[in-house]
Amino acid sequence: MDFSIGSGLGYNRSNNILFDSAKAENIKTALNKSDASDEELMEACKGFEAYLLEQVFKGMEKTVLKDEDEEENDYLMHFSDKLYEEYAKEATKGQGIGLAQMLFEAMKRNSK
């Protein structure tokens, strides 16, 4: 079974999104592992769900209108990526949004 995250890894200039290609490659490797246990497969699916949510959060940030008078928050400017990564991890704890479970079930069905 082969799984591809896509060709959009790296920096996407059209929408200014920086993708963590190392993180995406780790998820891809885990999902392509043919002898993975159910736990390993579910962790990889949760990793994919967290990665997807992280990208959604980063995209959402760009839609927020900012006042011209508003000062830039240096802390958020430098650490917002880590903040969104942590938000995404927390959002996928437990059942998350359900994407990881659906992906896991689909991959189990296709591997038989």
Should the pair F57 and Y87 be assigned to parallel (<30°), tilted (30 to 60°) or perpendicular (>60°) ring geometry?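 Ring orientation of F57 relative to Y87: perpendicular.
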Qualifying residue, where the test is side chain to side chain contact (heavy atoms under 4.5 Å, CB included) with F104 and the options are M102, K108, M107: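 Result: among M102, K108, M107, K108 is the only option passing the side chain to side chain contact (heavy atoms under 4.5 Å, CB included) with F104.
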All side chain to side chain contact (heavy atoms under 4.5 Å, CB included) counterparts of T63, not counting sequence neighbours: none
Can a salt bridge be assigned to the pair K89 and E86 using a cut-off of 4.0 Å between side-chain N and carboxylate O?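 Counted as a salt bridge, because a side-chain N and a carboxylate O are separated by less than 4.0 Å.
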Return the minimal non-hydrogen interatomic distance between A50 and A88, and the atom names on each side. O-CB, 3.2 Å
What are the two closest non-hydrogen atoms of D81 and K58, and how far apart are they?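 Between these two residues, the closest heavy atoms are OD1-CE, 3.4 Å.
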So SG of C45 and CD of Q101: to nearest 0.5 Å the spacing works out to 8.5 Å
Is any side-chain heavy atom of I97 less than 4.5 Å from a side-chain heavy atom of E49?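 Heavy-atom side-chain distance check passes, below 4.5 Å.
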Hydrophobic cluster membership, with links at side-chain heavy-atom distances under 4.5 Å among I/L/V/M/F/W/Y: are L83 and Y75 in one?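 No; Y75 is not reachable from L83 via cluster members.
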Selection residues 93-107 - residue pairs positive for salt bridge (Lys or Arg N to Asp or Glu O under 4.0 Å), sequence neighbours left out: E90-K93
M60 and V64: side chain to side chain contact (heavy atoms under 4.5 Å, CB included), yes or no, with the steps? CA-CA 7 Å; M60 287 171 49; V64 175; over 6 Å; no
Answer yes or no: is there a donor N or O on one side and an acceptor on the other, between the side chain of K46 and the main chain of T92, under 3.5 Å? yes
